[in-house]
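What follows is a set of notes on a single structure, which appears directly below.
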Protein chains: 2
Amino acid sequence: MSPVTKPSRAEDAHDRLRDEIRANRMPPGFQATEPEIALRLGMSRTPVREALIRLEAEGLVELIPRHGARVLPIRADDMREIYDILTALEPEAAAQVAARGPSEADLAPLEAATRDMEAALAKSDLDMWAEADDRFHLTLLELQGNRRLTGIVTALYDQAHRARVFTMRLRAPPHQSTQDHRAIVDHLRAGNVDATRTVFRQHRQRAATELLDILETYKLGHL
Amino acid sequence: MSPVTKPSRAEDAHDRLRDEIRANRMPPGFQATEPEIALRLGMSRTPVREALIRLEAEGLVELIPRHGARVLPIRADDMREIYDILTALEPEAAAQVAARGPSEADLAPLEAATRDMEAALAKSDLDMWAEADDRFHLTLLELQGNRRLTGIVTALYDQAHRARVFTMRLRAPPHQSTQDHRAIVDHLRAGNVDATRTVFRQHRQRAATELLDILETYKLGHL
DNA sequence: GCTCCCATTAATGCATACATTAACGGATAC
DNA sequence: GTATCCGTTAATGTATGCATTAATGGGAGC
């Protein structure tokens with residue numbers, strides 16, 4: 001009935017470790033050996049190893065031969081790299097969606113995400129805001145349809161996630177970002193290809209600049 | 001002295017399988033179980049498993065629960081996805097290099113790669129041409145400096161590699177591509193940001209169109 | 001002849017055993 | 001007191017054993 005394959009331990013380990021890292025319960029720089037992690041997760045080393053290999057491929061941990069797995073810190077340079085790539089990819093993807101002339105049904109989830117962002121902002125619920133923000137961006141990518149692109153961007157989001165939540169509370173409420181989303185939806189609906197790309201590009205560049213400013217202001221060389 | 005860590009079996013398995021796939025000795029659609037591969041490589045299942053997990057993350061194989069690993073075919077749709085992303089990423093990266101004002105020392109490897117392409121074309125040595133082409137693109141990315149970007153593009157190249165070598169012999173000699181490279185080097189040297197981006201973009205789009213035309217002409221739904 | 005069921009087979013997922021080898025610490029020489 | 005050497009410890013890389021479970025084939029029932 002449900003096409004869900006029963007969860008393997010390796011998959012479970014992967015998901016749990018990923019969550020621990022995202023939630024900063026395993027903070028950047030945290031190191032643990034395979035036996036330690038295995039003990040912590042209540043399984044043997046084998047599935048833990050497989051999970052770690054995946055997490056390494058996803059850019060979340062580093063496997064150091066004799067010292068176990070280390071949760072990668074996110075430095076300002078890393079964020080620059082990530083946002084550089086996102087700035088090249090996402091505006092182009094959005095422009096392609098605009099060119100295709102999305103239906104109202106296509107746009108509905110984006111509308112919803114934007115409304116949620118506005119609502120979250122009104123309530124000063126930054127976690128909800130971040131969730132809706134993520135949802136907006138991923139929904140737009142899925143609308144564009146390029147699976148590989150979605151995968152790449154998702155991986156980059158995951159890498160940047162911790163820095164984003166950390167800096168989110170050190171800055172003014174993201175009114176501009178929320179307005180950007182509203183503008184992007186409008187341009188998508190109007191099929192305005194160039195405007196979509198331009199606004200999205202500015203949106204990304206502003207986000208990057210703000211984030212990097214905070215990292216440097218607070219001397220958060222690594223996170 | 002040499003910082004090379006001794007090669008592990010898992011690493012060896014990964015490299016060898018990757019080569020087999022690239023060289024079409026393990027053609028698209030090829031399936032083998034873990035014990036079969038382990039036997040073939042003369043090692044136990046454990047390192048083979050680890051290699052397969054990595055290869056799956058790199059988009060080269062698919063792990064089918066009871067049927068082993070399957071070498072992923074490259075369909076026209078896949079190539080479209082890949083070239084879409086490359087078209088968004090590479091021209092932007094090249095433009096950034098142009099903006100930075102590369103030195104002659106920076107440009108030398110690109111010059112060399114371009115010369116090699118021209119020489120290969122004169123000798124009708126398509127393999128050499130393809131090698132120089134790859135080298136050009138990777139060198140340019142390294143010049144740009146974004147490690148993540150280089151990693152992403154490399155993975156996409158690997159995925160597209162088989163389709164490229166296959167179609168290479170079904171088309172006219174790549175004079176235009178070679179000239180494009182020459183033009184790109186010139187624009188980089190002149191620090192001509194917009195021209196670099198534009199030419200590179202056309203370069204990629206033309207390559208994509210040609211490749212997809214061939215795939216459709218020859219009804220190579222999958223490769 | 002066709003379909004369904006069951007037994008057999010074998011691949012996977014995981015646990016565990018083991019050899020290797022790097023890291024650490026203490027002891028000794030100076 | 002310091003530096004060096006060596007023995008101990010422990011983590012990794014790999015092999016292997018084992019339970020589970022899906023796929024396959026043959027036989028029975030219709």
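In what follows, chains carry the letters A, B, and so on, assigned in the order in which the sequence lines appear, proteins first and then strands, with residues in each chain numbered from 1.
- Using a 4.0 Å cut-off between charged side-chain N and carboxylate O, D106(B) and R100(B) make no salt bridge.
- With rounding to whole Å, I53(A) atom CD1 is found 13 Å from dC14(C) atom P.
- Of the listed nucleotides (dA11(D), dT14(D), dC14(C)), dC14(C) has the atom at the smallest distance from the side chain of R45(B).
- Under the 30°/60° scheme for interplanar angles, the aromatic rings of F200(A) and H137(A) are found to stand perpendicular.
- Taking atom CZ of R9(B) as the reference point, atom P of dT16(D) lies 10 Å away to the nearest angstrom.
- Listed here is the closest heavy atom pair of R70(B) and G29(B): CG-O, 4.1 Å.
- Nearest nucleotide to the H67(A) side chain, out of dT12(D), dA23(C), dA11(C): dA23(C).
- The CZ atom of R70(A) sits 18 Å away from the P atom of dA11(D) (whole-angstrom rounding).
- Separating the CZ atom of R49(A) from the P atom of dC14(C) is a distance of 15 Å, rounded to the nearest angstrom.
- For the pair R66(B) and dG13(C), the criterion of a side-chain N or O lying under 4.0 Å from OP1 or OP2 is not met.
- Atom P of nucleotide dT14(D) and atom CD of E34(A) are separated by 11 Å, given to the nearest angstrom.
- Nucleotide dC14(C) holds its P atom 14 Å from the NE2 atom of H14(A), rounded to whole Å.
- For the pair E216(A) and R80(A), the salt-bridge criterion is met [side-chain N within less than 4.0 Å of a carboxylate O].
- If you take CE of M43(A) and P of dA19(D), they are 20 Å apart, rounded to a whole angstrom.
- Between the base of dT12(D) and the side chain of S8(B) there is no donor-acceptor pair shorter than 3.5 Å.
- Within 4.0 Å (heavy atoms only), T46(A) reaches at least one base atom of the nucleic acid.
- Whole-Å rounding puts the L39(B) CG to dA11(C) P distance at 11 Å.
- Side-chain proximity of A10(A) to the nucleotides dC14(C), dA11(C), dT16(D) is greatest for dC14(C).
- Taking a cutoff of 4.0 Å between a charged side-chain nitrogen and a carboxylate oxygen, R54(A) and E11(A) do not qualify as a salt bridge.
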